[in-house]
Every structure is written in structure tokens, then in C-alpha cells.
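As a basis for the values below, the full set of heavy atoms in this structure was taken, side chains included, without hydrogen atoms, waters or symmetry mates.
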Amino acid sequence: MTFGATAARRHAPGGFRAAASTAPSAGFTLIELLVVIAIIAILAAILFPVFAQVREKARQVACISNTKQIGAALLQYAQDFDETTPASWFGSSSGTSDATDNYKWMDAVQPYVKNGGVFHCPSDSLNPAYAFRSLDNYGSYGLNSAYRGAEAPPLTITTTPPVNQSLAMFARPAETVLVVDTSVKGGAAFEVEWIDRFSADALVVEERPRRLDTVVERHQGTVSVLWCDGHAKATKLDALTRKNVYQIMTAFTIEED
């Protein structure tokens, strides 16, 4: 057999086996793996806070929806009771609530809402959901009872008899707080109240989220507010705490200020 024939047989099917390849196998080097891991870590650090903000924005939208429904219920209540609003609480502050002689304002408007979940903010991790006729499950929102002394608020805590404000008394309803995000450590806060401008708590800035009395910035530095004209929006706490020349926070009073 000639040399040429032997070479042909080597390249023909069934011929001699080809020599093993000496090229290195494909794969990542350690440096390449570390670079990929570093890129993934950077992307995660950028995207996770964005995802958290998006989730909180969704909870804020749900909270605003809650306050709008509460506002509609309060207006329906007022129409059924000679255009007067409910007191923030009536009777005793202790004991099981009821809808007649020992109620909180949520008990008064509950027949117009029919859904206790409306009284709970999805961002509120401290307070339990509202439960009708309960001792302490008052949810996440407080009725404005501020300035229950000389400066009249929209709603006051119980007196003898309790004070229910008329809708006609609201001089600037679009600029007066009716219901707002509230919270206190270790319990629910169903109202915002202080006696007068001298006893109003200062804005607590060392806490996060910040708060004023029971009002709390629960949503990325904003508070969900239902105003006396029925509209609801996210508001900075600084806007609610602005004072006039008499050192009164005008967002919490029904006068012209």
C-alpha cells in the first residue's frame, strides 16, 4: 500500500482514530465569576430599594382609598344626623364599644362602611385591624379632636353632652383635617387631640417615622389626610404643623384663622 492510500484511509469513515485535541475546555475563570457576582450585587443594591418604594407606593394608594371611603361614610353619617359629625368617642373611654352610648367614631360610621378593613392602613405594622365593638382594635386612623379647649376643632372628645360639630361651621373645609394617619407605640390611636396651643405636642423629629402627637408620617415621609370637604391626599407633616401668629396649627381648626 502506498503512502497516499494510507493517508486516505486515515481520513475515510472507519479509518484510524483522530488524534485527541489538546485545546482547553470552555468555562469561567475565577476572575470572571467574581466580576459576574459583583455586577449582580450592584444591580440588587440598586433595584431592591426601588422595588421597596414601589410596594410602599402601592400601600399608600390603598391607604388614600381607605380614607376616601371613610370620608364618604362620615358624610353619610352627617346627612343622617342633621349635618353634624360624630364625636371621636362618646361615653366611657374604657369598656367595650357599642354604637349607642359608648362608641368610638369608627363604631358610629361602621354601618356606612360595612368593612372593618377600611380602617386599617396596609403600612401600619403596630396597630391591629379595626374590630367593631372591641376594646382596643381601633385601626390606623384618628379623628381630629385637636384644640378641644378655646380653639374649636372639627370634632371633640366627649364632654357633657358630647360636642358634635355642624358641617356649616367649617370655614375652610378643604384646608381642615378630618381624619389622618395615626399611631402610638404599643397601641391604637383613634383621635388627634390636645387642649389648646400651649399643650400641643411638638413635632417629634428624632423618631422615624416622624410624628406629631399621634399623627405619623407612615408613607415615605407623608401622611394620608382626609380633609373636611371629603378629598384625601398625601401631605407632608411640616405642612400640617404650620402655625399662624397665635401659634395655632390652623390645619386642625374650623375657624377662618
Heavy-atom side-chain proximity of S123 to H219 below 4.5 angstrom: yes
N/O donor-acceptor pair under 3.5 Å between N244 side chain and Y246 backbone: yes
N115 side chain to G117 backbone, donor-acceptor under 3.5 Å: yes
Min side-chain heavy-atom separation R211-T182 under 4.5 Å: no
Separation between CE of M106 and CG of L74, rounded to the nearest 0.5 Å: 11.0 Å
D181 side chain to V216 backbone, donor-acceptor under 3.5 Å: no
Test item: S145 side-chain N/O and E193 main-chain N/O as donor-acceptor pair under 3.5 Å: no
Shortest non-hydrogen contact between M249 and Y147, atoms and distance: N-OH, 2.7 Å
OG1-CG distance between T222 and L237, expressed to the nearest 0.5 angstrom: 10.0 Å
S140 (side chain) donor-acceptor with C121 (main chain) under 3.5 angstrom: yes
Between T67 and S224: side-chain donor-acceptor atoms closer than 3.5 Å: no
Sub-4.5 Å side-chain heavy-atom contact between D238 and R210: yes
Straight-line distance of I254 CD1 to R172 CZ, nearest 0.5 Å: 13.5 Å
Within-4.5 Å side-chain heavy-atom neighbours: Y141 and V192: no
T235 side chain reached by L240 side chain, heavy atoms, under 4.5 Å: yes
S183 and T214: CA distance, side-chain angles, deciding distance, side chain to side chain contact (heavy atoms under 4.5 Å, CB included) verdict: CA-CA 5 Å; S183 180; T214 56; over 6 Å; no
Donor-acceptor contact below 3.5 Å, side chain S65 vs main chain V61: no
Side chain proximity check, F119 to I70, heavy atoms < 4.5 angstrom: yes
Salt-bridge criterion met for D124 and R59 (N-O under 4.0 Å): no
Side chain W105, main chain F190, donor-acceptor under 3.5 Å: yes
Donor-acceptor under 3.5 Å (T176 side chain, A251 main chain): no
Connected via hydrophobic side-chain network under 4.5 Å: L75 and I64: no
Verdict with supporting geometry, F170 and T85, side chain to side chain contact (heavy atoms under 4.5 Å, CB included): CA-CA 11 Å; F170 300 156; T85 56; 4.1 Å; yes
Side-chain heavy-atom pair N144, W227 within 4.5 angstrom cut-off: no
D80 (side chain) donor-acceptor with Y77 (main chain) under 3.5 angstrom: no
Test log, rule side chain to side chain contact (heavy atoms under 4.5 Å, CB included), inputs Y112 and Q79: CA-CA 12 Å; Y112 304 94; Q79 294 304 316; over 6 Å; no
Side-chain heavy atoms of V225 within contact of K233, under 4.5 Å: no
Joint hydrophobic cluster, L226 plus V113, side-chain heavy atoms closer than 4.5 Å: yes
Approximate separation, where rounding is to 0.5 Å, of L167 CG and D229 CG: 11.0 Å
Distance, nearest 0.5 Å, that separates CD of E175 from OG1 of T250: 7.5 Å
Side chain to side chain contact (heavy atoms under 4.5 Å, CB included) evaluation trace for V109 with Q69: CA-CA 11 Å; V109 302; Q69 293 181 67; over 6 Å; no
Atom pair SG/NZ of C63 and K68 - distance to nearest 0.5 Å: 11.5 Å
